[in-house]
Amino acid sequence: MSRYLGLAFTYRGGAGSWAYVLHRLSGIGVWLFIVLHVLDIWLVGANAEAYDEILAFYASPAGRVMETLLGAALLYHALNGMRILLIDLWPSLTRWHRQLWWLSWILFFGLGVPGALIILKPIWQGLIPAVAGLVIPGVR
Amino acid sequence: MAYNPITRARAKPSGGRGETLVWYLTRLSAVALFVLALSHFSITHFVFDPSEQTAEWIRENRWSSLVWRSFDWLMLMMVLLHSALGMRTVLSDIVTRPRARMLVLSGLYILTIILFVLGSAVVFTLPGMEVAAAR
């Protein structure tokens, strides 16, 4: 275990180390959700009421925050995975690995922020009138 | 285990045929999941809202289509293959003693098989296809 943590956090040239640690953490996180998700979809057939109860949690504010994190983990893992794959297939791309790393972050935020806003809409939608009411008197 | 010094991902194994196959299957399923999993997440969160996808909705809409049942079953196989191979690498790094490693990896494989059986069972047996047939 300590050997594993040592391997994970040993400095081996900035971006590569972070990419690796985040790839593993996001992979483990998505795997944990997959285990839950296959079981909840199994419930659609086995116990539809129980599935609908789990769905109500997914649609709740806490559920939406967790789905945003899940989406972030999935998107990071997918983009960094592509970077790994491209460098595996064309080793000459190693020269541009830092640019590929930054490109993956541009795509991550460019796609992820609008995605997060859509998933979290029921949370922030309610906040706009509340905040407007505080800032501008008479508006509610 | 050898690593690519830049991406720190597993380097392509030079030895055993089995490990080379694992290395290729991980990447092949990764490409499939890049399309399948990202479009699945987009459909379930951006096209539809989680609140509307009840058990009834799945029966009568999503899984009244053979195309979507096939899509979901292919995704199930790809994600279980990819995550089992990935977790195998992660767990092998953490658990180094041979006996403990064998036990932990056996647990991972048994869990993966159980998930495959349960996931396949619901894809194949959930009523709903007659809705499509009636249309």
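So you know, we letter chains A, B, ... as the sequences are listed, proteins then strands, and number each from 1. Just so it is clear, the values below take in all heavy atoms, side chains as well, and ignore hydrogens, waters and symmetry mates.
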Cut-off 4.5 Å, heavy atoms of chain A, and the answer for B/L115 is both
Are A/Y76 and A/V65 co-members of a hydrophobic cluster defined by side-chain heavy atoms under 4.5 Å apart? yes
Can you tell me if A/W105 has over 12 outside heavy atoms packed within less than 6.0 Å of its CH2? yes
Top of B/H82, B/Q53, B/E56 for chain A proximity - count of heavy-atom pairs under 4.5 angstrom: B/Q53
Top contributor to chain B interface from A/L55, A/I118, A/V30 [non-hydrogen pairs under 4.5 Å]: A/L55
Just checking B/F46: does its CZ atom have more than 12 heavy atoms from other residues, nucleotides or ligands closer to it than 6.0 angstrom? yes
Given a strict heavy-atom distance threshold of 4.5 Å, which part of B/L108 is in contact with chain A: side chain, backbone, both, or neither? side chain
Tell me, for B/L126 versus chain A, whether the close heavy atoms (under 4.5 Å) come from the side chain, the backbone, both or neither. side chain
Using heavy-atom distances under 4.5 Å, tell me whether B/L76 contacts chain A through its side chain, its backbone, both, or neither. side chain
Should A/D88 and B/K12 count as side-chain neighbours, where that means a heavy-atom distance under 4.5 Å? no
Check whether B/L25 and B/M75 end up in the same hydrophobic cluster, where Ile, Leu, Val, Met, Phe, Trp and Tyr are linked by side-chain heavy atoms less than 4.5 Å apart. no
Side chain, backbone, both or neither: which part of A/I84 has a non-hydrogen atom closer than 4.5 Å to chain B? both
The reported gap from CD1 in A/I119 to OG1 in B/T44 (rounded to nearest 0.5 angstrom) is 8.0 Å
Counting heavy-atom pairs under 4.5 Å with chain B, which one of A/H77, A/H23, A/M82 comes out on top? A/M82
Could you state whether A/I106 and A/F108 fall into the same hydrophobic cluster, counting links through intermediate Ile, Leu, Val, Met, Phe, Trp or Tyr residues with side-chain heavy atoms under 4.5 angstrom apart? no
Shared hydrophobic cluster for B/L33 and B/V35 (ILVMFWY, side-chain gaps under 4.5 Å): no
Is any residue of residues 42-54 of chain A within less than 4.5 Å of chain B by heavy atoms, and which ones? A/W42, A/V44, A/G45, A/A48, A/Y51, A/D52
Rounded to the nearest 0.5 Å, what's the gap from CZ on B/F34 to CG on A/L85? Could you check? 10.0 Å
Are more than 12 heavy atoms from other residues, nucleotides or ligands located less than 6.0 Å from atom CH2 of A/W124? yes
Heavy-atom side-chain proximity of B/V90 to A/W31 below 4.5 angstrom: no
Linked, directly or transitively: B/V122 and B/M77 (ILVMFWY side chains, under 4.5 Å): yes
Decide yes or no for B/R27 and A/L89: does some side-chain heavy atom of the first lie under 4.5 Å from some side-chain heavy atom of the second? no
With a 4.5 angstrom heavy-atom cut-off, is it the side chain or the backbone of B/W57 that approaches chain A, or both, or neither? neither
For residues B/A37 and A/L74, report the shortest heavy-atom separation together with the two atoms involved. O-CD2, 4.1 Å
With the side chain counted from C-beta on, respond yes when B/D49 and A/K121 share a heavy-atom pair under 4.5 Å apart, and no when they do not. no
Residue by residue, scan residues 33-40 of chain A and write down, ordered by number, those that have a heavy-atom distance under 4.5 Å to chain B; if none do, write 'none'. A/I34, A/V35, A/H37, A/V38, A/L39
Under a 4.5 Å heavy-atom cut-off, does chain A meet the side chain of B/I114, its backbone, both or neither? neither
Winner by heavy-atom pair count (cut-off under 4.5 Å) against chain A, out of B/A30, B/A9, B/A11, B/P50: B/P50
